[in-house]
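Some notes on the structure that comes next.
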Amino acid sequence: MSLTGLYYGKPVELVKLFNTLKSRGYKVIGPKVVEGVIRLEELGSYEELASNVSDIQEPGRYRLVDGGKYFRHGPDSPKKMLYPPRLTLFRITKDYRIEVPEVEVPKIAFFALKPCDLAAIQVMDRVQGCLGDAYYNLVRRNLVIVVENCVEPGGTCFCATMGTGPIASKGFDVAFTRIRDDLVVFEAGSSLGVELLDELELEPLDEKLYREFIDVVRRAYSKARPIELPDKLPELLELTLDSDMYKEIAEKCLGCANCNMVCPTCFCFDVIDIPYYDGSAERVRVWDGCFSYNYAAVAGGHYRPDLWARYRHWFLHKFSYWVKQFGTYGCVGCGRCITWCPVGIDVRDTLRRAIKEAEKHG
Amino acid sequence: MVKLEYKLIPKIAVVEDVREETPNVRTFYLRVDDLGQEPLPGQFNELYIPGGGEVPISVSDIVEVNGRKLIAHTVRFIGSVTWMFSRLEKGSRIGIRGPYGKGWPIERLRGRDILLVAGGLGLAPLRPVIREVERNRGLYGRLIILYGARTPRDLLYRYEYHRYEDIPNTELLVTVDKATSSWRGHVGVVTKLIPLVELDVENTIALVCGPEIMMRFTVKELKKRGFKDNQIYLSLERRMKCGVGLCGHCQMGPYFVCKHGPVFPYWFIKKYFWVDQI
């Protein structure tokens with residue numbers, strides 16, 4: 001929701017916006033080139049923000065090349081900050097005293113976050129809001145989100161299918177769109193966003209610029225590869241529960257759980273015990289994924305020994321079960337699971353195929 | 001700096017008594033000072049052995065000793081964590097959190113006949129139902145207990161079967177898959193007992209707990225006898241790591257078994273129950 005409508009300014013206003021966040025004590029996190037990959041990392045200064053690079057993303061392929069204007073999200077998602085891969089829950093001493101460690105809750109501002117990742121935060125809000133993860137909720141409370149709308153969705157993107165992008169519509173503090181090299185469109189989505197824009201020099205969009213903006217938006221939508229989703233998709237997809245299509249698709253699957261790890265909404269975790277020589281132990285929460293062998297293994301059996309069953313569970317969880325559990329899809333169409341799948345399994349193909357298969361049933 | 005209030009932090013319980021049930025199954029009676037709510041029949045707790053891990057174990061009894069309530073858990077030593085339970089003795093300490101999940105539909109059982117079908121360790125979560133009927137006999141109709149285990153040695157709680165049979169209007173039928181020479185009872189899987197009992201099907205609710213395969217055959221037998229889908233309740237077993245619907249491991253279709261179950265009405269899960277590796 002836009003509180004201000006659309007304003008525009010020069011790119012230097014972005015630097016000002018960045019510095020305002022810094023001066024307000026935020027740990028500013030945004031896309032940064034680290035070892036040939038766009039990561040989400042803390043940015044010491046605006047100059048550290050990735051620029052003059054572009055990426056090539058295809059099923060099972062990621063390359064960063066010098067030059068060019070547009071890059072998409074890399075493997076990191078906001079999940080990394082809001083729901084850390086590793087978190088100590090407590091320590092237990094030899095005499096059974098439980099010590100809960102004190103943690104520092106960072107004050108985070110995401111800068112130039114993609115709309116799909118903003119949508120992922122909203123999905124996590126539903127999940128963690130329902131489930132009440134203490135750490136998530138503390139970080140989330142202070143979170144500032146500056147979104148960069150995506151004018152050039154990449155080769156594995158399908159946000160338009162999931163209705164999450166390429167232009168953010170709600171849930172941000174500030175959203176900006178680079179419609180030209182020398183012109184940036186801004187809008188505020190919260191009272192804090194208005195406060196932040198208050199520090200900048202901006203002008204309201206005139207009719208000509210508005211048309212230009214809309215053209216950019218339209219082009220972006222067409223590149224975000226919309227797949228038409230039928231009504232009642234979650235129920236429809238369950239008609240494929242007994243389909244052999246999952247066996248065929250999963251023939252390629254390695255069960256590596258990369259898709260789980262890069263997914264901005266996958267929330268499963270394991271809790272492991274780290275025993276120490278002094279007789280104490282630490283309980284640590286770590287990310288887990290439904291593709292890993294141990295996930296559904298129990299003493300004396302396994303609930304999903306075959307990879308196809310794990311693939312089916314993952315797919316139906318994202319597009320069917322999630323809706324029943326949390327009232328929203330578990331997929332935001334970011335395409336990370338496609339890019340980072342070592343064998344390039346494309347969930348868009350699975351989605352198309354499952355819809356076809358299910359409609360055949362009806 | 002803040003201390004986070006995680007749901008996953010256990011309380012410390014003391015093992016007050018250990019009872020050997022079978023060579024690799026023991027019941028641990030735990031004293032917990034502040035567990036909170038008293039577990040309802042069919043609910044479970046997460047038991048924690050430091051350095052080992054946590055396991056979800058259903059509550060198999062609540063007993064009162066010297067004015068203090070002890071919560072019983074019957075554990076089979078089968079996995080890496082449960083094996084560590086074999087070292088616990090009177091006075092040992094253990095982590096516990098819970099109780100979790102939806103238990104048996106006690107309210108719905110009022111005034112009706114109750115058919116319990118248990119396989120192996122599946123008798124443990126059903127025992128609190130037997131206790132409830134014993135305590136408030138007038139509130140319920142007939143109680144029929146069908147129980148099967150692999151061998152006579154694997155039968156749980158044999159020392160109290162006479163107590164079950166002493167409950168008025170109660171029948172207990174026990175079977176073993178493989179008999180020994182001294183066994184005088186039924187032989188065969190527990191589902192074979194279902195056609196043997198006289199039932200007023202329309203007025204009966206069936207509660208089922210056991211290995212997944214046993215539950216599938218049980219549902220088939222019950223359907224043969226005319227049970228409707230909403231007269232059958234199943235307690236499912238999954239890998240309930242967190243117990244509070246957080247960690248994802250116990251999902252069966254869209255359900256978190258730990259939170260939406262472990263006890264489900266059959267109609268509710270029917271769609272997923274028969275799907276291979278759901």
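Here is the naming used below: chain letters follow the sequence lines, and residue numbers restart at 1 for every chain.
For chain A, the nearby parts of I9(B) are the backbone and the side chain; heavy atoms of each come within less than 4.5 Å. Only the side chain of V298(A) comes within contact range of chain B, judged by heavy atoms closer than 4.5 Å. For a residue to count as touching a neighbouring chain, one of its non-hydrogen atoms must lie under 4.5 Å from one of that chain's; by this rule F90(A) touches chain B with the side chain only. Looking at I98(A), only its side chain comes within 4.5 Å of chain B, counting heavy atoms on both sides. For P305(A), the parts lying under 4.5 angstrom from a heavy atom of chain B are both the backbone and the side chain. Of the atoms belonging to D288(A), it is side-chain heavy atoms, and not backbone ones, that fall under 4.5 Å from chain B. Using a 4.5 Å cut-off between heavy atoms, I278(B) touches chain A through backbone and side chain atoms alike. Interface remark: Q251(B) contributes backbone and side-chain atoms alike to the contact with chain A (heavy atom separation under 4.5 Å). Neither the backbone nor the side chain of C250(B) comes within contact range of chain A; no heavy atoms are under 4.5 Å apart. Residue I92(A) touches chain B through its side chain alone, counting heavy-atom pairs closer than 4.5 Å. Neither the backbone nor the side chain of W322(A) has a heavy atom closer than 4.5 Å to any heavy atom of chain B. Looking at I272(A), neither its backbone nor its side chain comes within 4.5 Å of chain B, counting heavy atoms on both sides.
With hydrogens and angles left out, the side-chain atoms of E238(A) and Y272(B) include a donor and acceptor closer than 3.5 Å.
Classification of the Y266(B)-F273(B) ring pair by plane angle, with boundaries at 30° and 60°, yields perpendicular.
Among the candidates S320(A), P234(A), A309(A), C266(A), the residue making the largest number of heavy-atom pairs closer than 4.5 Å to chain B is A309(A). Considering only heavy-atom pairs separated by less than 4.5 Å from chain A, the leading option among P50(B), G53(B), G79(B), S80(B) is P50(B). Considering only heavy-atom pairs separated by less than 4.5 Å from chain B, the leading option among R304(A), R310(A), R312(A), K94(A) is R304(A). Most heavy-atom pairs under 4.5 Å with chain B, from the set R283(A), H317(A), H302(A), E104(A): that is R283(A).
In this structure the side chain of V144(A) never reaches within 4.5 angstrom of the side chain of F110(A), judged on heavy atoms.
In this structure, Y135(A) has its ring center no closer than 6.0 Å to that of Y6(B). When ring centroids are compared, Y321(A) and W314(A) stay outside the 6.0 Å threshold. Here the two rings, on F85(B) and F77(B), have centers that are 6.0 Å apart or farther. The aromatic ring centroids of Y295(A) and F291(A) lie 6.0 Å or more from each other.
Of all heavy-atom pairs between C209(B) and P125(B), the closest is SG-CG, 3.5 Å.
A salt bridge links E282(A) to R91(A): at least one charged side-chain nitrogen sits closer than 4.0 Å to a carboxylate oxygen.
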